[in-house]
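Encoded as C-alpha cells, the structure appears first; notes follow it.
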Amino acid sequence: DFAFMVCFMLVCGLRDDGMMAGGTSTGADGIDETYRFYEDLSANMDQYVLENYGAIMDPVVRGHDVVGAGPLSVPGGQTDDATQGEGAGRRAAPSKPIQKSTPDVALHCGAILRAVIRHPKLFRLFLSDDNVPRYVLPFLDKYVHQPNFEVQGDALESMKFFFTGGINPAAPPPPPKQGGNATANDEESTNTGDIASEFLQRQYDLIVEDRLNHKLLSPKASYVAKRASIQLLSTVLLTRSNYAVMMKYVASRHNLRTIMLLHRDPSGHITFDAFHVLKIFVANPQKTREVTRILVDNRIKLIKYLDGLHKDRESSDIQFRDEKKLVISTLEGLELDA
C-alpha cells in the first residue's frame, strides 16, 4: 500500500512514537542503531517533502474533495514560491490530470497529510499565511461538509491537528527550553502545539470569527457542521497550548451568546457538546464585565436550564454531573461589581 509506505517513512523516526527496535546494538551515544536508521529515513523524507512541498501537498489536500468538480493532478508543474520551502523555484514535469477523488483516496490523503505535518518544519509551512487559503480553509469551507461520514470524520481529525498540533488536551505543558528566552512564536520551535497556537492567534479572526462563529455554529448551519464544529472548538479551547486563544475567546460576549444559542438546539448531542464550552466561560476567573453581565442577567434561566440538562446522563457520567454542579454553584455566587 503506497499510502502506508509514505506514512511509515515520514513518522518512523519521530522521537515521540517512532520505531524503537529492541535487542539491537547501540552506538557510542547510547542511541539504538536501528532507531538511528529510522530517524535518518524520516529526516530524509522530511527534506524531500520540504523541497517539493507544493507539488506534493497540492494533490494531497485536493484529494479530500470527493464531491469537487475539478480534476486532481499528480505531483508536477511549477508551484508558487510560497509553497515550495527550500525548493522554491524548482520546475518539475507538467501535471497530468487524474480521475476525481473517491472516499478511499480521501482517507489515504488524510493519513499522508497528518504524517507530513507531524514534522514541525512542514507543519509551520503548511500554516504559513500564504498557504492558509490554499491548504487550511478548504477543510473549513468544504471538506468537513462532505456527505460521506468517514471522509468528513477524517477531515475533522486533520482540522484538530491544525488547531492543536496533535497535542492531547489533558497533556501537561512541555518543559521550558534551555536558556529561558524561547516563546511560542520562536521560529525554531519544534513543538507542534506551539506552532498551532501561534497560528490560531495570528489568524484568529479568519478562523474563529469568520468560519466557526458566522458559518459553522450559526443557526443556519447543518446539524453535522454544528456538531463537528462545537466538538472541534471544545478541543481547541481545552488544549493547554491554546491558553491564549481560550482566554481571547471567552472574553467575548458575542462568543458567549453564540454558545448560549446552541443550547436551544433540538439535538441533545449539540447541547451536550455546547455545555463543555459554556463551562469554560463560567469557570473563567478573569471574566470580562460584559461576559459577567450576560451571565448574571440570565442566571435564573441558566440555572433552571442546566439543572435539567441531560439528567439521564448523570448516573453514568460522574464527571459531567460534577461539572454541572460546579457551573451551577458558580453562577449562583456570581455578582457584577459596581
Exercise. Would you please test Phe161 and Phe123 for side chain to side chain contact (heavy atoms under 4.5 Å, CB included) and show each step?
Key: CA-CA 10 Å; Phe161 198 107; Phe123 188 38; 4.0 Å; yes
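- Under a 3.5 Å cut-off, the side chain of Thr292 and the backbone N or O of Leu336 do not form any donor-acceptor pair.
- Residues Val282 and Val327 approach most closely at CG1-O, 3.8 Å, considering heavy atoms.
- Within the 3.5 Å criterion, the main-chain N or O of Leu326 finds a donor-acceptor partner in the side chain of Ser329.
- Of the possible donor and acceptor atoms, one in the side chain of Gln146 sits under 3.5 Å from a partner among the backbone N and O of His64.
- In this structure, Phe199 and Phe163 have parallel ring planes: the angle between them is below the 30° cut-off, well short of the 60° mark.
- Crowding of Glu150 atom CD: a count of heavy atoms from other residues, nucleotides or ligands under 6.0 Å not exceeding 12.
- The six-membered or imidazole ring of Tyr249 lies near that of Phe281, with a centre-to-centre distance under 6.0 Å.
- Looking only at atom types and distance, the side chain of Asp58 has no donor-acceptor partner in the side chain of Tyr53 under 3.5 Å away.
- A donor-acceptor pair under 3.5 Å is absent between the side-chain atoms of Gln152 and the main chain of His145, judged by distance alone.
- Considering only heavy atoms from C-beta on, Ile117 stays 4.5 Å or farther from Tyr135 through its side chain.
- Leu113 and Leu107 are members of different hydrophobic clusters when ILVMFWY side chains are connected at heavy-atom separations under 4.5 Å.
- Counting only N and O atoms by type, the side chains of Thr271 and His310 include a donor and acceptor under 3.5 Å apart.
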Self-check item: Val66 vs Asn148, side chain to side chain contact (heavy atoms under 4.5 Å, CB included): CA-CA, chis, key distance, verdict
Solution: CA-CA 8 Å; Val66 175; Asn148 183 287; 5.6 Å; no
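- From Phe126, atom CZ reaches atom CG of Leu122 across 11.0 Å, with rounding to the nearest 0.5 Å.
- Panel note: side chain Asn191, backbone Asp194; a donor-acceptor pair is recorded below 3.5 Å.
- You'll find the side chain of Leu137 reaches within 4.5 Å of the side chain of Val132, heavy atoms only.
- Put simply, Leu140 and Val245 are part of the same group of oily side chains (I, L, V, M, F, W, Y) that touch within less than 4.5 Å, one to the next.
- Looking at every heavy atom in both residues, Glu332 comes nearest to Arg299 through O-NH1, 3.7 Å.
- A distance-only check finds no donor-acceptor pair linking the side chain of Thr239 to the backbone of Ser241 [under 3.5 Å].
- Without hydrogens or angle criteria, Lys226 side chain to Ile270 main chain gives no donor-acceptor distance under 3.5 Å.
- Minimum heavy-atom separation, Ser101 to Ala106: OG-N, 3.8 Å.
- No continuous path of hydrophobic side-chain contacts links Leu261 to Ile294 [ILVMFWY only; heavy atoms under 4.5 Å].
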Practice problem: Go through Asp154 and Arg114 one step at a time and tell me if the salt bridge (charged side-chain N to carboxylate O under 4.0 Å, His left out) criterion holds. | Solution: CA-CA 10 Å; Asp154 188 79; Arg114 291 188 294 276; 2.8 Å; yes
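- In plain terms, the two heavy atoms of Leu156 and Leu232 that are nearest each other are CD1-CB, 4.1 Å.
- The distance from the CD atom of Gln231 to the CZ atom of Arg227 is 5.0 Å, given to the nearest 0.5 Å.
- Within a 6.0 Å radius of OH in Tyr243, no more than 12 heavy atoms belonging to other residues, nucleotides or ligands are found.
- For the pair Gly193 and Ile167, the tightest heavy-atom approach, listed with the atom from each and the gap, is CA-CG1, 3.6 Å.
- Taking the six-membered ring where tryptophan is involved, the planes of Phe8 and Phe4 are essentially parallel, since the angle between them stays under 30° and well short of 60°.
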Quiz item: Is there a side chain to side chain contact (heavy atoms under 4.5 Å, CB included) between Asn255 and Glu209 once you walk through the steps?
Solution: CA-CA 9 Å; Asn255 292 340; Glu209 295 295 341; 3.9 Å; yes
Self-check item: Derivation of the side chain to side chain contact (heavy atoms under 4.5 Å, CB included) call for Tyr143 and Val61
Solution: CA-CA 10 Å; Tyr143 303 150; Val61 171; 4.0 Å; yes
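- In this structure, CZ in Arg313 is found 11.0 Å from CD in Gln319, a value given to the nearest 0.5 Å.
- Looking at heavy atoms from C-beta onward, Leu200 lies in side-chain contact with Val236 at the 4.5 angstrom threshold.
- In this structure, Leu262 and Leu278 have side chains that are not in contact, with every pair of non-hydrogen atoms separated by 4.5 Å or more.
- Counting heavy atoms of neighbouring residues, nucleotides and ligands inside a 6.0 Å radius, atom NE2 of His269 does not exceed 12 of them.
- Side-chain contact between Val208 and Lys248: absent, with no pair of heavy atoms (C-beta onward) separated by less than 4.5 Å.
- A distance-only check finds a donor-acceptor pair linking the side chain of Tyr305 to the backbone of His263 [under 3.5 Å].
- Side chain to side chain, Lys279 and His276 meet the donor-acceptor criterion of an N or O pair below 3.5 Å.
- Val291 is not listed as a side-chain neighbour of Asn284, based on a closest heavy-atom distance of 4.5 Å or more.
- In this structure, CG on Leu206 lies 5.0 Å from CZ on Arg211, to the nearest 0.5 angstrom.
- A donor-acceptor contact shorter than 3.5 Å is absent between the side chain of Lys301 and the backbone of Asn298.
- The minimum heavy-atom distance linking Leu216 with Ser229 is given by the pair CB-OG, 3.0 Å.
- Here the CG-CG distance, from Asp307 to Leu302, works out to 12.0 Å after rounding to the nearest 0.5 Å.
- Side chains of Ile112 and Cys7 form a contact here, defined as non-hydrogen atoms less than 4.5 Å apart.
- Using a 4.5 Å heavy-atom cutoff, the side chains of Ser234 and Asp273 are not in contact.
- Remark: Arg202 CZ to Leu127 CG distance equals 7.0 Å, nearest 0.5 Å.
- Not a single donor-acceptor pair under 3.5 Å links the side chain of Ser42 to the backbone N or O of Tyr38.
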